[in-house]
Asker: 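Please read through the structure below; I'll follow up with questions.
Here is the naming used below: chain letters follow the sequence lines, and residue numbers restart at 1 for every chain.
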There are 2 protein chains.
Amino acid sequence: MKAVALQVIPAIKLHSLKDACAQCNARELCLPQGLSDAELQQLDDMVGVRQKLKRGEHLYRNGDPFSAIYAIKTGFFKTDVVTEDGRDHVTGFQMHGEILGMDGISGDAHACNAVALEDSEVCVIPFAELEHLSATIPTLQRHFHRVMSREIVRDHGIMMLLGTLRAEERLVAFLLNLSQRYAARGYSPTEFHLRATRDEIGSYLGLKLETVSRALSQLQDSELIQVQQKYIRITSLDGLKKMLAHTQTC
Amino acid sequence: MKAVALQVIPAIKLHSLKDACAQCNARELCLPQGLSDAELQQLDDMVGVRQKLKRGEHLYRNGDPFSAIYAIKTGFFKTDVVTEDGRDHVTGFQMHGEILGMDGISGDAHACNAVALEDSEVCVIPFAELEHLSATIPTLQRHFHRVMSREIVRDHGIMMLLGTLRAEERLVAFLLNLSQRYAARGYSPTEFHLRATRDEIGSYLGLKLETVSRALSQLQDSELIQVQQKYIRITSLDGLKKMLAHTQTC
DNA sequence: AAGTTCGGTTGACCTGAATCAATGCGATTT
DNA sequence: AAATCGCATTGATTCAGGTCAACCGAACTT
């Protein structure tokens, strides 16, 4: 479907959202990590707007002018890049507490698409204001740099995955990564719903959807996981970890 | 071989290197892009130390404590990540004017290895000072953020390459990328020496060294390039570009 | 100058994932 | 309840790239 009109929460800000940052359950993972109350207040003042997205809606599109980065308050996103000739590739899945949009800084325009894979809400962080504020709050500056750097390190990990792992190993790495991120958010590390389709997961992992499906079935046959459509239950976290540990170790 | 003692140029700084930044031929591509003379002077004062590396030496290793990023003044580097189980993957090749070390910001320790592929020289940029200075020079702050963002966007491009291109296309993308970067530095876009071995290129592109060799030979047979060991001459830039443009376009 | 080493090329063969195709399942629509 | 649609599963076959192996050539070593 076409993108639906943005659902923005505008001017109520003054009281009800004033300390939204302070209350947000994504806080510990998000930008404001480590800020003092006063600094948090400044940041909260800056984050003027929340934006809600329905499943399937774009947060931004490749080429959109860049003006803000986004902290995911609730929900789940994918980012993908598309070339002129129609090649398309999922570059990441993002969950709450994570930051979207840093691709746009370098060229003043977004360099990928960000799509909500479930109904979601983000905090809009005007980038000019973030830069301005971070010049006066060293902790914020530091933390923002860490967030960008973490993205770089994460991408290197994916490059390694794409360059060196076999299909089943890629799936295992993917599942373990999700598991660990859910755990960090207080959810079950062994039981969750995939928000992405097999096709999207395949694109992310450099595999075809059939291969993703087969690999999941194999893992189920090995009694390491249980799969039912998008529902995943990891029955042996250790078993999965071992699969990644030894390729030639025997 | 083991890492050799670092060859650091220390205190001569005061006069001979005082305006090294201002004179550096990498300036236009490097961090100081767009700074005023006065700001450049501040930056130059901060960049206290140059460091020379011989071919094969490590600039930093995975796990090394992070304290600085590095601007390549001359030379050529690779970065690679290694997992516990010995998997190793080249994440990038860097040439002069480019910045190394941003992987280290997030964890206060470097997350990859950086190795000189030829005798090289880098400017050491103490990160704490960079953050401090960039808080007072908005242009510098902005530019640093752009550099980090560009790295993220670049990595997404590589992920796309690894996820969607076939062997020969990956080689083409690699050669075109080198060509374009050499062109941006005033070198010939059609004639250059590869600094990396087939094995390193293969690791970077997610291919085995034999496949790299074969793909280069095929491109030569198609009369798009001439190869002689590490020497590359592109005889049809357009031909190469067309190879990337249409996969299914016919 | 002969020998060694390292990197590159090329060939023959094998295999893991892609492709093609059929079927199944759940959710939504009518 | 039947029909439709999107997604997932599974099987059969193909093929690109990996693997194994032999050989070559350039650059150092002694």
Asker: Examine the side chains of Asn113(B) and Asp80(B) and answer whether a donor and an acceptor come within less than 3.5 Å of each other.
Answerer: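 Side chains of Asn113(B) and Asp80(B): pair found under 3.5 Å.
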Asker: Can you see if the side chain of Lys230(B) gets near the phosphate of dA26(D) - specifically, an N or O under 4.0 Å from OP1 or OP2?
Answerer: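 Answer is no, no contact under 4.0 Å.
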Asker: Categorize Leu207(B) for me: base, sugar-phosphate, or nothing, with a 4.0 angstrom heavy-atom threshold over every strand shown.
Answerer: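 Counting heavy atoms under 4.0 Å across all strands, the contact made by Leu207(B) is with sugar-phosphate only.
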Asker: Would you please test Leu59(A) and Val115(A) for side chain to side chain contact (heavy atoms under 4.5 Å, CB included) and show each step?
Answerer: CA-CA 6 Å; Leu59(A) 175 58; Val115(A) 185; over 6 Å; no
Asker: Just the rounded figure in Å: distance from P of dG7(C) to CD1 of Ile201(B).
Answerer: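 These atoms are roughly 13 Å apart.
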Asker: Roughly how many Å is it from CD in Gln228(B) to C1' in dG25(D), rounded to a whole number?
Answerer: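 These atoms are roughly 11 Å apart.
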Asker: Would you say the side chains of Gln218(A) and Glu168(A) form a donor-acceptor pair under 3.5 Å?
Answerer: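 A pair is found: one side chain offers a donor N or O, the other an acceptor, under 3.5 Å apart.
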Asker: Give the angle between the helix axes at the two ends of the helix from dA1(C)-dT30(D) to dT30(C)-dA1(D), taking five base pairs at each end and rounding to 10°.
Answerer: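 Rounded value for the end-axis angle: 30°.
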Asker: Under 3.5 Å, is there a donor-acceptor pair linking the side chains of Thr79(A) and Gln94(A)?
Answerer: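 Yes, because at least one side-chain N or O of Thr79(A) sits under 3.5 Å from a partner of the opposite role on Gln94(A).
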Asker: I'd like to know if Glu98(A) and Arg185(A) make a salt bridge, using a cut-off of under 4.0 Å between side-chain N and carboxylate O.
Answerer: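 So Glu98(A) pairs with Arg185(A) through a salt bridge.
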Asker: Could you check which of dA12(D), dA21(D), dG18(D) has an atom nearest any side-chain atom of Glu210(B)?
Answerer: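 The answer is dA21(D), which lies nearest to the side chain.
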Asker: So what does Thr197(A) hit on the nucleic acid, given a heavy-atom distance under 4.0 Å: a base, only sugar-phosphate, or nothing?
Answerer: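 Thr197(A): backbone/sugar contact only, no base atoms under 4.0 Å.
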Asker: Tell me whether the side-chain N/O atoms of Thr211(B) come closer than 4.0 Å to OP1 or OP2 in dG18(D).
Answerer: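 Thr211(B) to dG18(D) OP1/OP2: side-chain N or O found under 4.0 Å.
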Asker: Among the nucleotides dT9(D), dG17(D), dC20(C), which one has an atom lying closest to any side-chain atom of Arg166(B)?
Answerer: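 From the listed options, dG17(D) comes nearest.
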Asker: For a quick test of reading the model: is some side-chain N or O of Ser213(A) closer than 4.0 Å to OP1 or OP2 of dT10(D)?
Answerer: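 For Ser213(A), the contact criterion (side-chain N or O under 4.0 Å from OP1 or OP2 of dT10(D)) is not met.
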Asker: Round to a whole Å and report the spacing from CG of Asp199(A) to P of dT19(C).
Answerer: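 Distance check: Asp199(A) CG to dT19(C) P gives 12 Å.
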Asker: Could you check whether Gly202(A) gets within reach of a base, just the sugar-phosphate, or nothing at all, counting any heavy atom under 4.0 Å?
Answerer: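 Gly202(A): no heavy atom of the nucleic acid under 4.0 Å.
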Asker: By nearest nucleotide on DNA chain C, pick out whichever of Ala167(A) and Gln229(A) is the more 5' one.
Answerer: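 Checking each residue's closest nucleotide, the 5'-ward one belongs to Ala167(A).
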Asker: If I take atom CG in residue Leu216(B) and atom C1' in nucleotide dG7(C), what distance separates them, rounded to the nearest angstrom?
Answerer: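 So the CG-C1' distance, Leu216(B) to dG7(C), works out to 13 Å.
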Asker: Does Arg55(A) come within less than 4.0 Å of Glu118(A), counting only side-chain N to carboxylate O?
Answerer: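 No.
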Asker: Over how many whole Å does the gap from Asp221(B) atom CG to dT9(C) atom P extend?
Answerer: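 From Asp221(B) CG to dT9(C) P: 12 Å.
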Asker: For Arg55(A) and dA27(C), what is the distance between atoms CZ and C1' respectively, to the nearest whole Å?
Answerer: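 For the pair Arg55(A) CZ and dA27(C) C1', the rounded distance is 11 Å.
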Asker: When you measure from the side chain of Lys208(B), which nucleotide among dT10(D), dG18(D), dA18(C) comes out closest?
Answerer: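 Looking only at side-chain atoms, Lys208(B) lies closest to dG18(D).
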Asker: In whole Å, I'd like the distance from the CZ atom of Arg214(B) to the C1' atom of dA16(D).
Answerer: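 Spelled out: CZ on Arg214(B) to C1' on dA16(D) is 11 Å.
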Asker: List in chain and number order the residues that pass side-chain contact (heavy atoms from CB on, under 4.5 Å) with Arg154(B), two or more places apart in sequence or in another chain; answer none if no residue qualifies.
Answerer: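 Arg154(B) satisfies side-chain contact (heavy atoms from CB on, under 4.5 Å) with Glu151(B), Ile158(B), Tyr204(B) only.
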Asker: Would you kindly check whether a donor in the side chain of Arg198(B) faces an acceptor in the base of dT10(C), or vice versa, at under 3.5 angstrom?
Answerer: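 Per atom types, no contact qualifies.
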Asker: For Tyr70(A) and Gln51(A), test the side chains for any donor-to-acceptor distance below 3.5 angstrom and give the result as yes or no.
Answerer: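 The criterion, which ignores hydrogens and geometry beyond distance, is not satisfied for Gln51(A) and Tyr70(A).
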Asker: Please report the distance, rounded to the nearest Å, between CG in Leu219(A) and P in dT9(D).
Answerer: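 Atom CG in Leu219(A) sits about 12 Å away from atom P in dT9(D).
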